[in-house]
Asks: 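What follows is a structure written as structure tokens; I'll ask about it next.
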Amino acid sequence: MWNSLRGEMALKTFLSAMLLVAFPTSTRAEGPSIANPVFQDGEWLRYKVKYGPFRLGAIEFHVRKLEDTKSQDRYRIDMLLDFRSSPFPGRRYEVNSNIVHPERLYSEVFISSRVVDGDSIRTTRRYDLNRGTCFIEDYNRTKRKVISSTVLQGVGECFEAPSLWFFARSHAQTGGTYGIQNIVDTTVSVTTLRYKRALSLLKIDGYEDPVRAREVVGLANWVGESFGGLSGEFRGWFSDDEASVPLRAQFKIFLGKVVLKLEEWHRPGWNPPVEHRTVSR
């Protein structure tokens with residue numbers, strides 16, 4: 001009973017804090033970044049997550065351009081995973097955040113917040129490419145104590161989930177193959193992305209005509225505990241335009257194949273590139 005109440009209190013505190021810190025309201029209406037049109041301040045994307053007939057929850061992306069002069073056009077990408085409606089056990093709520101430059105794309109700072117066994121846990125990774133290091137700390141915000149901390153040596157450019165998502169978007173029109181590094185737990189792993197040159201046509205919510213898309217086939221060679229046990233091959237489809245908005249993705253977790261579908265979005269000036277159907281007479 002006590003553990004359940006403590007977990008509810010930790011979740012409410014965690015949610016309140018993250019909604020205030022991670023998703024501030026922006027009144028600006030800036031267009032896409034000149035350096036990389038994939039980035040647009042204030043962009044918001046929401047995906048439904050399904051396992052067969054079951055809706056597991058939703059994943060949201062929020063993009064915010066940092067306003068302080070020291071940030072030098074950097075953006076903060078917040079990736080919110082909400083699985084409170086899932087019928088399966090596991091993590092219910094998590095926010096992963098990256099600070100990146102729209103041209104370099106690799107992670108400079110990564111922060112993950114989640115509730116584990118009734119406690120609010122924060123993981124921080126700070127990269128120093130000049131020294132080739134990554135400082136990693138797990139902190140229990142409920143008990144106000146450091147759980148663990150370490151410094152990895154010989155670390156190069158790495159990508160967490162939010163920055164990996166934007167790296168994939170930024171290269172969707174290239175038709176090339178890329179290998180990039182990730183840190184899962186405290187282990188450096190590799191993700192391979194291979195883009196298909198042929199166009200695909202996808203159906204998305206709210207549009208009768210199919211949308212032109214570019215497909216990528218990825219391979220997550222991950223070692224460690226990722227969210228839901230994500231590993232192996234995955235696929236993604238991005239809009240065939242300069243925004244490269246992710247439209248659909250499918251990957252494997254411990255349950256089996258999971259599908260993400262774009263269901264809502266806010267990106268001023270963007271309309272999906274549809275393939276108009278011709279009506280025969």
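Just so it is clear, the values below take in all heavy atoms, side chains as well, and ignore hydrogens, waters and symmetry mates.
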Asks: side-chain contact (heavy atoms from CB on, under 4.5 Å) with Ser97: which of Asp78, Thr124, Leu80?
Replies: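 The residue from Asp78, Thr124, Leu80 that satisfies side-chain contact (heavy atoms from CB on, under 4.5 Å) with Ser97 turns out to be Asp78.
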
Asks: Which heavy atom of Val109 sits nearest to which heavy atom of Asn98, and what is that distance?
Replies: O-ND2, 3.2 Å

Asks: Can you measure from OG (Ser163) to CD1 (Ile77) and round to the nearest 0.5 angstrom?
Replies: 6.5 Å

Asks: Before we go on, tell me: are the rings of Trp44 and Phe61 under 6.0 Å apart, centre to centre?
Replies: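 Between Phe61 and Trp44, which both carry aromatic rings, the centre distance is not below 6.0 Å.
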
Asks: Kindly compute the distance separating NE2 (His101) from OH (Tyr106), expressed to the nearest 0.5 Å.
Replies: 9.0 Å

Asks: Can Val190 be reached from Phe166 by stepping across I, L, V, M, F, W or Y side chains whose heavy atoms are under 4.5 Å apart?
Replies: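 In one cluster: no.
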
Asks: Assess the pair Phe83 and Tyr93: is the distance between their ring centroids shorter than 6.0 Å?
Replies: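 No - the distance between ring centres of Phe83 and Tyr93 does not fall below the 6.0 Å cut-off.
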
Asks: For Arg131, I'd like to know if atom CZ has over 12 heavy atoms of other residues, nucleotides or ligands within 6.0 Å.
Replies: no

Asks: If you round to the nearest 0.5 Å, how far is OH of Tyr207 from CG of Leu262?
Replies: 10.0 Å

Asks: Can you tell me if Arg267 has over 12 outside heavy atoms packed within less than 6.0 Å of its CZ?
Replies: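 Counting other residues, nucleotides and ligands, CZ of Arg267 exceeds 12 neighbours.
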
Asks: Please report the shortest heavy-atom distance between Ala249 and Trp165, naming the atom on each side.
Replies: CB-CH2, 4.3 Å

Asks: Is it true that the side chains of Thr123 and Arg114 contain a donor and an acceptor less than 3.5 Å apart?
Replies: yes

Asks: Taking ring pair (Phe, Tyr, Trp, His ring centres under 6.0 Å) as the definition, give me every residue that meets it alongside Phe167, ordered by chain and number, with sequence neighbours left out.
Replies: Phe159, His171, Tyr178

Asks: What pairs with Arg169 under salt bridge (charged side-chain N to carboxylate O under 4.0 Å, His left out), at least two apart in sequence or on another chain?
Replies: Glu43

Asks: Please report the interatomic distance NZ(Lys50) to NZ(Lys257), rounded to the nearest 0.5 Å.
Replies: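 Interatomic distance, Lys50 NZ to Lys257 NZ, rounded to 0.5 Å: 12.5 Å.
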
Asks: Tell me whether Asp119 is salt-bridged to Lys143, with the criterion being a basic N under 4.0 Å from an acidic carboxylate O.
Replies: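 Yes, charged N to carboxylate O under 4.0 Å.
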
Asks: As an exercise, state the distance from CG of Asn36 to CG of Asp73, rounded to the nearest 0.5 Å.
Replies: 12.0 Å

Asks: If we ignore hydrogens and angles and just use 3.5 Å, is the side chain of Arg235 paired with the main-chain N or O of Val216 as donor and acceptor?
Replies: no

Asks: Is any NZ, NE, NH1 or NH2 atom of the basic residue among Glu233 and Lys252 found under 4.0 Å from an Asp or Glu carboxylate oxygen of the other?
Replies: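 Judged by the 4.0 Å cut-off on N to carboxylate O distance, Glu233 and Lys252 do not form a salt bridge.
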
Asks: At what distance, to the nearest 0.5 angstrom, does CZ of Phe110 lie from SG of Cys134?
Replies: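 Spacing of CZ (Phe110) from SG (Cys134) equals 10.0 Å.
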
Asks: Testing Glu263, His62, His266 one by one against Arg46 for a side chain to side chain donor-acceptor pair (under 3.5 Å), which residue passes?
Replies: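 Single side chain to side chain donor-acceptor pair (under 3.5 Å) partner of Arg46 among Glu263, His62, His266: Glu263.
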
Asks: Would a distance-only check, ignoring hydrogens and angles, find a side-chain to backbone donor-acceptor pair under 3.5 Å from Lys196 to Ser200?
Replies: no

Asks: Examine the side chains of Ser107 and Glu160 and answer whether a donor and an acceptor come within less than 3.5 Å of each other.
Replies: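 A pair is found: one side chain offers a donor N or O, the other an acceptor, under 3.5 Å apart.
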
Asks: Which of these, Thr142, Ile147, Ile121, Asp138, sits in a side-chain contact (heavy atoms from CB on, under 4.5 Å) with Val116?
Replies: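 Going through the options one by one, the only one that passes is Ile121.
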
Asks: As a quick check of understanding, evaluate side-chain contact (heavy atoms from CB on, under 4.5 Å) for Tyr195 and Val217, giving each step before the final call.
Replies: CA-CA 6 Å; Tyr195 293 91; Val217 179; over 6 Å; no

Asks: Going by salt bridge (charged side-chain N to carboxylate O under 4.0 Å, His left out), name the residues that satisfy it together with Glu242, two or more places apart in sequence or in a different chain.
Replies: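 With sequence neighbours excluded, Glu242 shows a salt bridge (charged side-chain N to carboxylate O under 4.0 Å, His left out) to no residue whatsoever.
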
Asks: Quiz question: by atom type and distance under 3.5 Å, do the side chains of Ser112 and Asn96 form a donor-acceptor pair?
Replies: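 Short answer, yes.
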
Asks: Leu219 and Val188: same hydrophobic cluster, using ILVMFWY side-chain contacts below 4.5 Å?
Replies: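 Hydrophobic grouping puts Leu219 apart from Val188.
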
Asks: Check each of Leu81, Ile59, Val115 against Glu94 using the side-chain contact (heavy atoms from CB on, under 4.5 Å) test, and report the only one that passes.
Replies: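 Among Leu81, Ile59, Val115, the one meeting side-chain contact (heavy atoms from CB on, under 4.5 Å) with Glu94 is Leu81.
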
Asks: Scan for ring pair (Phe, Tyr, Trp, His ring centres under 6.0 Å) pairs involving residues 119-153, sequence neighbours excluded, and state none if there are none.
Replies: none

Asks: Taking all non-hydrogen atoms of both residues into account, name the closest pair between Ala161 and Met79 and its distance.
Replies: CB-SD, 3.6 Å

Asks: In chain order, what residues pass the salt bridge (charged side-chain N to carboxylate O under 4.0 Å, His left out) check against Lys48, with sequence neighbours excluded?
Replies: Asp205

Asks: With the 4.5 Å side-chain cut-off for hydrophobic clustering, are Phe234 and Val259 part of the same group?
Replies: no

Asks: I need the minimum non-hydrogen distance between Trp270 and Pro273, along with the two atoms involved.
Replies: CZ2-CD, 4.4 Å

Asks: With sequence neighbours left out, what residues match Arg212 under salt bridge (charged side-chain N to carboxylate O under 4.0 Å, His left out)?
Replies: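 For Arg212, the residues satisfying salt bridge (charged side-chain N to carboxylate O under 4.0 Å, His left out) (neighbours in sequence not counted) are Asp240.
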
